[in-house]
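Worksheet: one structure, shown below.
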Amino acid sequence: LGIHFDESPKDVSSILSPLLDIILDIRENLRKAKQWEMADQIRRRLFQAGIIVEDTLGGPQWRMKT
């Protein structure tokens with residue numbers, strides 16, 4: 001993502017969480033527009049980066065791979 005920190009963030013999730021919320025909002029909009037290929041590509045790329053996306057009735061949820 002090209003993010004640079006002058007100091008190491010103490011809580012990576014404080015930065016990661018809002019970015020993932022934006023990405024998942026975009027993915028959700030793609031799914032609503034039936035642009036499945038692009039939505040699936042986002043999910044695959046997040047998985048490669050160590051993030052699992054689960055689609056639930058309440059919307060997409062993410063968690064780090066363990």
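We're numbering straight along the sequence, starting at 1.
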dist R44:CZ -> E37:CD (nearest 0.5 Å) comes out at 7.5 Å
Taking everything shown except M38 itself, do over 12 heavy atoms lie less than 6.0 Å from its CE?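 Check fails, neighbour count at 12 or below.
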Can you tell me if NZ on K65 sees more than 12 non-hydrogen neighbours from other groups inside 6.0 Å? yes
In residues 45-54, what donor-acceptor pairs under 3.5 Å come from side-chain atoms, sequence neighbours left out?
| from | atom 1 | to | atom 2 | distance (Å) |
| --- | --- | --- | --- | --- |
| E54 | OE2 | R63 | NE | 3.2 |
| E54 | OE2 | R63 | NH2 | 3.2 |

Review item, side-chain donor-acceptor pairs of residues 19-30, under 3.5 Å, at least two apart:
| from | atom 1 | to | atom 2 | distance (Å) |
| --- | --- | --- | --- | --- |
| R27 | NE | A39 | O | 3.2 |
| R27 | NH1 | D55 | OD1 | 2.9 |
| R27 | NH2 | D55 | OD2 | 3.1 |
| N29 | ND2 | D25 | O | 3.4 |

